[in-house]
Engineer: 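Below is a structure I'd like to ask you about.
What you see below is based on every heavy atom in this structure, not just the backbone, and it leaves out hydrogens, waters and symmetry mates. Atoms within each ligand, like the ligands themselves, are counted from 1 in listed order.
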Amino acid sequence: MMPAEPIAFPPEDHDHRRCMEAMMVRVDRLCTELRLRLTAQRRRVLEIVAESHTAIGAYEILARLGGTTRVPAPISVYRALDFLMQHGLVHRVESLNAYVACAHVGGRHPAQFLICSACRRVAELESSSIEDAIAAGAEAASFAVTRPIVEIGGLCRACRPVHA
Ligand SMILES: [Zn+2]
Ligand SMILES: [Zn+2]
Ligand SMILES: [Zn+2]
């Protein structure tokens, strides 16, 4: 029997529309709960980022936003991304200089990312033991953590040779 595909990296052929729909339901719930104003522009940017599990760069977002109408100013994309990141709907992946939609939509939270260097897909871990270790190490160093994000590079199952 094949082991169950870990949720973190869904198979490439999974029904991503359902994935996205479920995410948007959680997003709408969170926005109502926190009284966030998800403007049409912010929603569109979030949808573009969430279109795949692959990290997407700001200029690609901009290009897709343009689509049929005129291309919006980059600053408006960055503003929308700032809003989405501030509320934990989108994460910035520094090592790729790109963005991914939050897999959990639970508001702002510390995260560890597994980043596939071949396909740029990104999965989120939410390990409280890693968080605790960072907190303890930082405290011992009298260090005030402002960005508790861990980025881990590697290869996802789909990008690994079969017997590796
Ligand atoms: Zn999906
Ligand atoms: Zn997240
Ligand atoms: Zn991969």
Engineer: In terms of side-chain geometry, is the basic nitrogen of E21 or R18 positioned less than 4.0 Å from the acidic oxygen of its partner?
Structural biologist: no
Engineer: Which N, O or S atom name in H16 marks its closest approach to the Zn ion (ligand 1)?
Structural biologist: ND1
Engineer: Please check if any side-chain donor atom of H91 sits under 3.5 Å from a side-chain acceptor atom of E124, or the reverse.
Structural biologist: yes
Engineer: For the atoms NE2 of H53 and NE2 of H14, give the angle they form at the Zn ion (ligand 1), rounded to 10 degrees.
Structural biologist: 100°
Engineer: Where the Zn ion (ligand 3) is the corner point, what angle links SG of C116 with SG of C119, to 10°?
Structural biologist: 110°
Engineer: Determine whether the side chains of S127 and Q112 contain a donor N or O and an acceptor N or O closer than 3.5 Å.
Structural biologist: no
Engineer: Measure from the side-chain N and O atoms of E151 to the backbone N and O of E94, and report whether any donor-acceptor pair falls under 3.5 Å.
Structural biologist: yes
Engineer: Got a salt bridge between R29 and E33, using NZ or NE/NH1/NH2 to carboxylate O under 4.0 Å?
Structural biologist: no
Engineer: Under 2.8 Å from the Zn ion (ligand 2), is there an N/O/S atom belonging to C102?
Structural biologist: yes
Engineer: Check whether any N, O or S atom of E124 sits under 2.8 Å from the Zn ion (ligand 2).
Structural biologist: yes
